[in-house]
Amino acid sequence: MKRFGFRRESVDLVACRALLADPVAGAYASFEGWVRNHNEGRDGVLRLEYEGYEQLGVKEGERIIAEALARFDITGAQCIHRLGQLEIGDLAVWVGVSAAHRDAAFAACRYIIDEVKHRVPIWKKEHYADGNSGWVNCEACAAHAGEAPPLQSSGHRHEGTHA
Amino acid sequence: MKRFGFRRESVDLVACRALLADPVAGAYASFEGWVRNHNEGRDGVLRLEYEGYEQLGVKEGERIIAEALARFDITGAQCIHRLGQLEIGDLAVWVGVSAAHRDAAFAACRYIIDEVKHRVPIWKKEHYADGNSGWVNCEACAAHAGEAPPLQSSGHRHEGTHA
Amino acid sequence: MVQIRVEYFAILREHVGCTHEAVSTPAATVGDLYAELDRRHAFPAVGRLKVAVNDEFCDWSTPLRDGDSVVFIPPVAGG
Amino acid sequence: MVQIRVEYFAILREHVGCTHEAVSTPAATVGDLYAELDRRHAFPAVGRLKVAVNDEFCDWSTPLRDGDSVVFIPPVAGG
């Protein structure tokens, strides 16, 4: 446990990476999501706000990392997601994986970020230069979905496509 | 140019990563090769020595990064390879790639490390706990290859398989 | 009737105007509870919702028990 | 006869015992030069060699010119 966490302050990447040090590890793959100034064709993103359902989020995050450790031949994996207000260029999420060999390190790193984006209850509100703002995936999905029936049993995936 | 370099001193990862900062980049993928205490089934690696043919190495490294920038939708890419004597756990190579989206960042990062390992003239001598040492790929290849004819026209790949 | 704590996040929190509320309800399942609260709050259409009871994902047919904590989960957007 | 500078790296450097040497040779190509130096140094078998002239990869059939710098490149092992 404690391989997935939320942070309200900036992330110390040197310390994060050091958690994965291991004399049998020859490969380290990492992914970072950075706040960018555009999203899904819309320019003028000024800043973001992340909100998390933390009690469930850390459980789901730990499950994802446990899955990666079971599926891939890796020696360690960690993930941190920021919450709160972020500016362009800020780190929003970090994933680090160590392994003896690079195939497993890359595959597990990709697995973790994909699953975190789909499964961990985190929401992103974008604030635009024109003064508008919106919850990503929710307002756009709503426009597409019309009155979506909430009572369908829900799987673990939806259709969001981001960085 | 100056996107590939050799270093004889330890690498400042914070500064390296900062070279890739870009407000349009939402994704950053990185790979690090670490010196591990085993290689190709042999335990007891104590330390490594990297030697590079630097004049050709930097040209080939720059070509690889230029290829990655042409093939993948990325905003930046950098690679640094250490030379000299390294201990277990030390960083041997770093690749960093920024992109709007993570597919391209991962693919380009993988491309660069694969090509660097196959094409850049760098050699690795392992020193073992039993006092032996050997040039990786050379002494093992020689044992397999017998008297390999050097006069065949040589492609850009050989059969090394490492982290 | 059961006493349920409902927590709201993100677009639902902004829509309802609070982070949580205590609800006394005859609803038998979390789906029934959603329907009841939707009549009261007219939740925005946000695509497919998920739902959690006591900080675990669950089905919409999950029966409600007194003291349960329920969260309706709009489409997520981490990363 | 051409004057060639030959540089050695890694296993070849250790085998020959120097980082470079100046060679005066009748060899017409880099392949011919390798064969000549192999007779003198008895290079170890290291698998498939590559070769560079003036800091660019080239074919073994590349003609030698006076003043060229030649490097025989054993299998690499970066990363």
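Each chain gets a letter, A, B and so on, in the order the sequences are listed, and its residues count up from 1. Bear in mind that the values here come from a model prediction, so they are computed numbers and not experimental data.
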**Q** With a 4.5 Å cut-off on heavy-atom pairs, point out which of B/P121, B/A92, B/G57 contacts chain D the most.
**A**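 So the answer, after comparing B/P121, B/A92, B/G57, is B/P121.
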
**Q** For chain D, which candidate among B/W123, B/W94, B/Y50 shows the most heavy-atom pairs at distances under 4.5 Å?
**A**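 The option with the most such pairs is B/W123.
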
**Q** With chain D as the partner, which of B/Q55, B/E32, B/E49 has the greatest number of non-hydrogen pairs under 4.5 Å?
**A**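 With the most close heavy-atom pairs to chain D, the winner is B/Q55.
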
**Q** Once you round to the nearest 0.5 Å, how far does CD of B/E51 lie from OG1 of D/T19?
**A**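 One gets 9.5 Å once the value is rounded to the nearest 0.5 Å.
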
**Q** For the backbone of D/G78 and the side chain of B/H81, can you confirm whether one donor and one acceptor N or O come within less than 3.5 Å of each other?
**A**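 Side chain of B/H81 to backbone of D/G78, a donor-acceptor pair under 3.5 Å: no, none is there.
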
**Q** Any salt bridge linking B/E60 with D/K50? Criterion: basic side-chain nitrogen under 4.0 Å from a carboxylate oxygen.
**A**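 Looking at B/E60 and D/K50, the cut-off is not met.
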
**Q** Is there side-chain contact between B/R119 and D/V76, with heavy atoms separated by less than 4.5 Å?
**A**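 A side-chain contact under 4.5 Å is absent here.
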
**Q** If you compare all heavy atoms of D/D55 against all heavy atoms of B/K59, which two are closest, and at what distance to 0.1 Å?
**A**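 Looking at all heavy atoms of both residues, the shortest contact is O-NZ, 3.1 Å.
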
**Q** With a 4.5 angstrom heavy-atom cut-off, is it the side chain or the backbone of B/V120 that approaches chain D, or both, or neither?
**A**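 It is the backbone, since no side chain atom gets that close.
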
**Q** I'd like to know whether CG of B/D73 has more than 12 heavy-atom contacts from other residues, nucleotides or ligands below 6.0 angstrom.
**A**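 Counting neighbours around CG of B/D73, 12 or fewer heavy atoms of other residues, nucleotides or ligands fall under 6.0 Å, so no.
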
**Q** To the nearest 0.5 angstrom, please state how far the OH atom of B/Y53 sits from the OH atom of D/Y8.
**A**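 Here the rounded value is 13.0 Å.
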
**Q** Taking all non-hydrogen atoms of both residues into account, name the closest pair between B/C138 and D/P75 and its distance.
**A**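 For B/C138 versus D/P75, the nearest heavy atoms are SG-O, 3.6 Å.
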
**Q** Is atom CD of B/E87 surrounded by more than 12 heavy atoms (other residues, nucleotides or ligands) closer than 6.0 Å?
**A**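 Yes, because the 6.0 Å sphere around CD of B/E87 holds more than 12 heavy atoms from other groups.
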
**Q** Can you establish whether the number of heavy atoms outside D/R65 located under 6.0 Å from its atom CZ is more than 12?
**A**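 Counting neighbours around CZ of D/R65, 12 or fewer heavy atoms of other residues, nucleotides or ligands fall under 6.0 Å, so no.
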
**Q** D/I73 and B/L56: side-chain contact (heavy atoms from CB on, under 4.5 Å), yes or no, with the steps?
**A** CA-CA 11 Å; D/I73 300 175; B/L56 178 51; 3.7 Å; yes

